[in-house]
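Quick notes on the structure that follows.
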Amino acid sequence: MSYHSHDTLIEVKNLEVHFPIKTKSLFRTKVVPLRAVDGVTFNIKRGETVGLVGESGSGKTTVGRAILRAIDPTAGTVVFHTPDDQDVDVTGLEGDALRAFRQKMNLVFKAGPVQLSNLSGDMLRQFRPRMSLVFQDPYSSLNPRMTVRDIIAEPLVASGMMKDRDQIDTRVREIAGRCKLNLEHLRRFPHAFSGGQRQRICIARALVSKPDFVVCDESVSALDVSIQAEIVNLLKDLQDEMGVAFLFIAHDLSVVAQISHRVAVLYVGKFMEYAPTRSLFFTPRHPYTHALMSAIPQVEPDHHLDPIKLTGEIPNPLAAPTGCRFHTRCPFAKPRCASDTPDWREIAPEHFVACHFADDFDFSRAAPQ
Amino acid sequence: MDTLLSVENLSVSFKTDEGVITPVQGVSFTVARGKTLGLVGESGSGKSVSTKALMRLLPGSATIAPEAKMHYLDKHDKLIEIEKLKGKGAPIRALRGGEIGMIFQEPMASFSPVYTIGNQMIEAIRLHKKLGKREARAHAIEMLDKVGISNPQARVDQYPHEMSGGMRQRAMIALALSAGPALLIADEPTTALDVTIQAQVLELMSDLQKDLGMGMIFITHDLGVIAQIADEVAVMYLGTIVERGPTRDVIHNPAHPYTVGLLEAIPSLDRLDERLKPVPGDIPSPNERPQGCPFQTRCQHVVDGLCNQTAPLETPLAAGHSVRCWLHDEKGKSAA
């Protein structure tokens with residue numbers, strides 16, 4: 001992996017997120033850690049889209065939130081590389097200059113990489129505009145009592161990034177225009193908008209601070225196909241214009257394939273495979289990825305879906321299987337899989353996999369031209 | 001064909017503060033015994049409202065137009081005219097669940113959280129079948145086993161929150177099937193599920209359908225799912241069925257511009273490098289229903305003076321395949 005290369009935006013190393021779970025028995029209460037994310041390592045490049053797929057409960061959302069520091073990671077590091085390594089001598093600033101500097105929080109972080117996992121309090125708040133989040137449900141994620149203008153402006157106000165009303169208005173109108181919202185509707189309230197328009201408002205809000213990185217958590221899952229296509233196109237266009245990187249979390253694999261440059265497959269808190277989109281979809285190396293691919297419904301009545309049968313349910317992360325997490329449902333499991341945890345290795349350039357026997361499998365499918 | 005349900009001219013209107021809206025207008029379809037009808041359309045196209053009308057589950061502000069006919073042939077080959085039934089009382093209660101079962105999209109919201117799965121199943125079974133508590137429980141366990149829930153003896157005493165999403169959806173199917181309905185209405189039953197679980201649930205539903213010879217109405221906005229499970233498909237737009245026919249015909253030779261647009265908007269692994277093609281424009285709100293063809297505001301083949309004036313009638317194309325579009329009508333062809 002191209003660590004420390006200048007185009008890397010985010011480096012995630014051995015990220016772990018545990019939630020304490022109380023289990024009660026008759027006489028005592030025990031606290032057991034639920035390992036929602038258990039050692040995840042990957043990077044995201046500037047201006048790219050990384051897709052994150054996995055069944056519900058696999059920890060997709062937790063990975064996204066831990067990178068944003070909406071949840072505190074238990075262990076591991078998340079390093080955010082800032083765009084220009086222009087050093088600012090903070091000690092040399094005084095009075096008004098220092099105050100102006102503090103308000104332009106961006107400057108604070110222009111001095112090289114930021115270890116996001118160590119930030120706290122004010123520093124973290126100042127860093128917030130650099131990254132953002134688009135939620136799944138465009139109905140519950142907009143405050144019904146705020147106008148669209150105020151909703152989109154809120155990240156600027158909350159972070160103190162902009163104070164001047166006219167300046168804020170200009171920025172809001174600019175981003176709303178880019179998101180193809182009718183500028184005359186900015187004074188309306190969210191209830192007057194359809195699902196697709198609401199999702200565009202959410203995207204405008206996420207991008208108003210010109211972030212480098214946005215997590216889209218199931219952002220198109222609740223939308224109809226046509227609106228979904230519109231939003232996917234919009235996100236791609238905005239990425240081209242603004243150079244923002246996306247972590248695109250979704251359970252719909254065909255949408256993820258459409259929008260992502262690289263895709264990671266998560267299973268019970270661990271990465272199974274991470275590869276460029278075409279490699280992952282047409283030459284998967286992990287049996288789990290293969291099983292997921294085989295279950296995608298095709299819009300072709302003559303094509304009979306023959307999904308690889310995964311026996312049983314996704315395991316409870318409180319009692320995650322030993323060795324390879326997937327061995328309890330893997331059709332190719334061997335005794336070694338139950339005892340040894342497979343290494344996270346680069347099996348082909350940029351193609352990472354965690355499986356002992358990945359070299360023996362050929363799951364490649366006819367890639368259409 | 002062994003018709004189980006035939007719906008003709010179904011229109012449903014709601015009284016709202018902004019006047020009367022008609023989310024379903026003149027819908028006709030039939031469901032044959034042992035066959036699956038897929039209903040596709042965007043949200044707000046009237047898919048759910050038309051099936052709720054069948055179960056007489058619409059809220060008080062709704063009225064079903066008097067010319068509507070909903071004829072259902074029950075298990076004893078007795079014709080039931082659903083539109084004439086009262087919304088309350090024994091006849092409609094026997095129909096709901098006993099004759100027509102229903103599965104909803106969100107299994108967590110359709111189970112009561114304070115009763116066990118078994119409790120809720122036994123209640124439904126005893127409402128429709130003359131069984132004692134113990135026999136009903138045995139039947140519930142048998143149904144849970146049938147839908148592939150492992151260890152049904154223990155699961156029957158669990159609460160809905162103790163189950164995973166896929167398992168809850170299976171339990172929902174078991175509940176809907178426990179009184180042995182002849183027709184099953186499934187409203188987006190797999191939309192909230194992961195692909196692997198979705199594939200399992202779809203397979204389970206078509207297996208059960210074969211075993212029990214049920215008719216099924218499958219509502220979804222995912223044409224991929226329709227292609228897997230439906231024998232026939234009806235495409236709805238703004239409360240009207242714009243195209244219907246055998247699934248293979250409709251997907252291979254779509255006739256209505258809206259069906260074509262829907263098919264093109266689907267992301268496909270075969271077209272990774274192409275830009276997605278959304279259907280242009282937004283779906284109009286139900287109180288701003290356009291004059292003439294409901295799709296004319298978004299259609300790229302509008303014939304001025306025809307499409308925006310008069311609503312097209314249903315035009316037959318091939319065996320069982322018909323479309324409501326002027327482009328396939330003699331009058332429209334000559335004008336275009």
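Convention: sequence-line order gives letters A, B, ...; per-chain numbering from 1. In what follows, every heavy atom counts, from backbone to side chain, and hydrogens, waters and symmetry copies are set aside.
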Inset, instruction - Can you tell which part of B/I226 gets under 4.5 Å to a heavy atom of chain A, answering side chain, backbone, both or neither? - result: neither
Legend entry - Reported CD-to-CD1 distance for the pair A/Q298 and B/I251, which is rounded to 0.5 angstrom: 11.5 Å
Legend entry - Atom of A/Q258, atom of B/E274 and distance for their closest heavy-atom approach: OE1-O, 3.1 Å
Legend entry - Engaged part of A/I259 at the chain B interface, taking heavy atoms whose separation is under 4.5 Å: neither
Inset, instruction - Would you mind checking which part of B/S150 comes under 4.5 Å of any heavy atom in chain A, side chain (CB onward), backbone (N, CA, C, O), both or neither? - result: neither
Inset, instruction - Report yes if some heavy atom in the side chain of A/Q228 is under 4.5 Å from a heavy atom in the side chain of B/P278; otherwise report no. - result: no
Inset, instruction - Give the member of B/E42, B/R275, B/K277 that has the highest number of heavy-atom pairs under 4.5 Å with chain A. - result: B/R275
Legend entry - Between CG on residue B/D222 and OG on residue A/S254, distance to nearest 0.5 Å: 8.0 Å
Legend entry - B/S45 OG to A/D224 CG distance, which is reported to the nearest 0.5 Å: 8.0 Å
Inset, instruction - Evaluate the criterion side-chain contact (heavy atoms from CB on, under 4.5 Å) for residue pair B/H252 and A/E300; output intermediate values, then yes/no. - result: CA-CA 8 Å; B/H252 287 167; A/E300 176 48 69; 2.9 Å; yes
Legend entry - Toward chain B, the part of A/V225 with a non-hydrogen atom under 4.5 Å: both
Legend entry - CD1 on A/I227 to OG on B/S43, rounded to 0.5 Å: 6.0 Å
Inset, instruction - Take A/F282 and B/L269, measure what side-chain contact (heavy atoms from CB on, under 4.5 Å) needs, and give me the verdict at the end. - result: CA-CA 9 Å; A/F282 298 118; B/L269 291 181; 4.2 Å; yes
Inset, instruction - Please round to the nearest 0.5 Å and tell me the distance separating atom CD of A/E230 and atom CG of B/D282. - result: 6.0 Å
Legend entry - Under 3.5 Å donor-acceptor, A/S226 side chain and B/V279 backbone: yes
Inset, instruction - Taking all heavy atoms of A/P297 and all of B/V195, pick out the closest pair and write down the distance. - result: CD-CG1, 4.4 Å
Legend entry - Reported CG-to-CG distance for the pair A/L253 and B/D194, which is rounded to 0.5 angstrom: 9.5 Å
Inset, instruction - Answer yes or no: are there more than 12 heavy-atom neighbours, outside A/E241 itself, under 6.0 Å from its atom CD? - result: yes
Inset, instruction - Measure the shortest side-chain to side-chain distance between B/D273 and A/R278 over non-hydrogen atoms and say whether it is less than 4.5 angstrom. - result: yes
Legend entry - For chain B, the option from A/D252, A/T277, A/V255, A/V299 that forms the most heavy-atom pairs under 4.5 Å: A/V299
